[in-house]
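In what follows, residues are counted from 1 in the order of the sequence shown. Fair warning: this is a prediction, and the values are worked out from it, not measured in the lab. Scope of the values below: all heavy atoms of this structure, side chains included, with no hydrogens, waters or symmetry mates.
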Amino acid sequence: GIAAPLPEAVPQWPFISADGRAGGFVRPGDPEPAGPDRHEASGVFAGALTEAPRRIACPAPSVPPVFDSQARRLFLAHNDGGRTRLSVVRLDQFHRPPAPLCVLPGSAQQLAWDEAQDRLLVLVAEPGSDTAAVWSGRRSPRPQADPELNQGETGAQQLWMVDIYSFVLA
């Protein structure tokens with residue numbers, strides 16, 4: 001079972017559905033056992049607000065999760081190096097691991113549900129977009145003598161629109 005939470009597993013990123021009936025929070029930390037009889041209370045906890053939250057069978061995501069407009073599905077993003085894995089879990093199936101949706105290049109910064117178009121929006125920082133010249137906070141131009149934090153192509157932020165019914169990216 002889950003024992004007393006460790007200091008690094010303090011809840012963060014509370015989220016709530018548009019209708020106010022479901023919600024949850026994220027606890028960062030290692031989902032692996034911390035000892036033979038102790039587990040960190042980390043991961044995603046969600047459910048109906050009238051019930052105790054349940055832990056979803058996955059590690060803590062990299063950005064706050066988001067519900068669809070009916071609060072039937074919860075979308076998660078896990079940054080893994082230079083890519084982001086998107087997944088979805090149904091509210092009535094928290095005991096199952098989230099189903100994979102797709103993988104995007106770069107690191108997710110924010111998820112949003114587009115109710116009008118019934119799709120997931122993902123703001124992604126492409127590789128290199130979070131680096132800058134030390135002197136100005138801008139990547140280029142820079143004086144030749146000034147050190148640069150990272151080499152390579154200048155990245156950008158991009159908004160991805162994910163059609164969850166056909167898993168089509170736009």
Would you kindly confirm whether V122 and V88 end up in one hydrophobic cluster when ILVMFWY residues are joined by side chain heavy atoms under 4.5 Å apart? yes
Going by an N to O cut-off under 4.0 Å, is there a salt bridge joining D163 and R119? no
Common cluster, L123/L104, ILVMFWY with side-chain heavy-atom separation under 4.5 Å: no
I need the minimum non-hydrogen distance between P61 and L76, along with the two atoms involved. CG-CD2, 4.3 Å
Look at the side chain of S17 and the backbone N and O of A71, then say whether any donor-acceptor pair between them is shorter than 3.5 Å. no
Identify the two heavy atoms, one from S107 and one from G81, that lie closest to each other, and give their separation to 0.1 Å. OG-O, 4.0 Å
Closest non-hydrogen atom pair, L86 against A77: CD2-CB, 3.7 Å
Please check: side-chain N/O of S87 versus main-chain N/O of P100, any donor-acceptor pairing under 3.5 Å? no
When every non-hydrogen atom of P59 is compared with those of H78, the smallest separation belongs to O-NE2, 3.0 Å
Worked check of ring pair (Phe, Tyr, Trp, His ring centres under 6.0 Å) between F25 and F15: CA-CA 6 Å; F25 56 90; F15 52 91; 8.0 Å; no
Ring-face cation of R54 near F45 (centre distance under 6.0 Å, axis angle within 45°): no
Show your working on side-chain contact (heavy atoms from CB on, under 4.5 Å) between V63 and Q110 and close with a plain yes or no. CA-CA 6 Å; V63 297; Q110 185 175 1; 5.9 Å; no
Evaluate the side-chain proximity of V26 to P65: yes if any heavy-atom separation is below 4.5 Å, no if none is. yes
Quick check: closest heavy atoms across F67 and W113, and the distance to 0.1 Å? O-CB, 3.4 Å
Is there a side-chain contact (heavy atoms from CB on, under 4.5 Å) between F75 and V162 once you walk through the steps? CA-CA 11 Å; F75 297 95; V162 181; over 6 Å; no
Can you measure from CH2 (W160) to OG1 (T84) and round to the nearest 0.5 angstrom? 10.5 Å
If we check side-chain contact (heavy atoms from CB on, under 4.5 Å) with R73, which of these qualifies: V89, I164, L91? I164
Quick check: does any side chain N or O of R55 sit under 3.5 Å from a backbone N or O of S42, one acting as donor and the other as acceptor? yes
Where L49 and G20 come nearest, the two heavy atoms and their spacing: CD1-O, 3.1 Å
Yes or no on side-chain contact (heavy atoms from CB on, under 4.5 Å) for R72 and R90, after CA distance, side-chain angles and deciding distance? CA-CA 6 Å; R72 293 181 313 199; R90 286 183 29 173; over 6 Å; no
CG (L120) and CE (M161) are apart, to the nearest 0.5 Å, by 11.5 Å
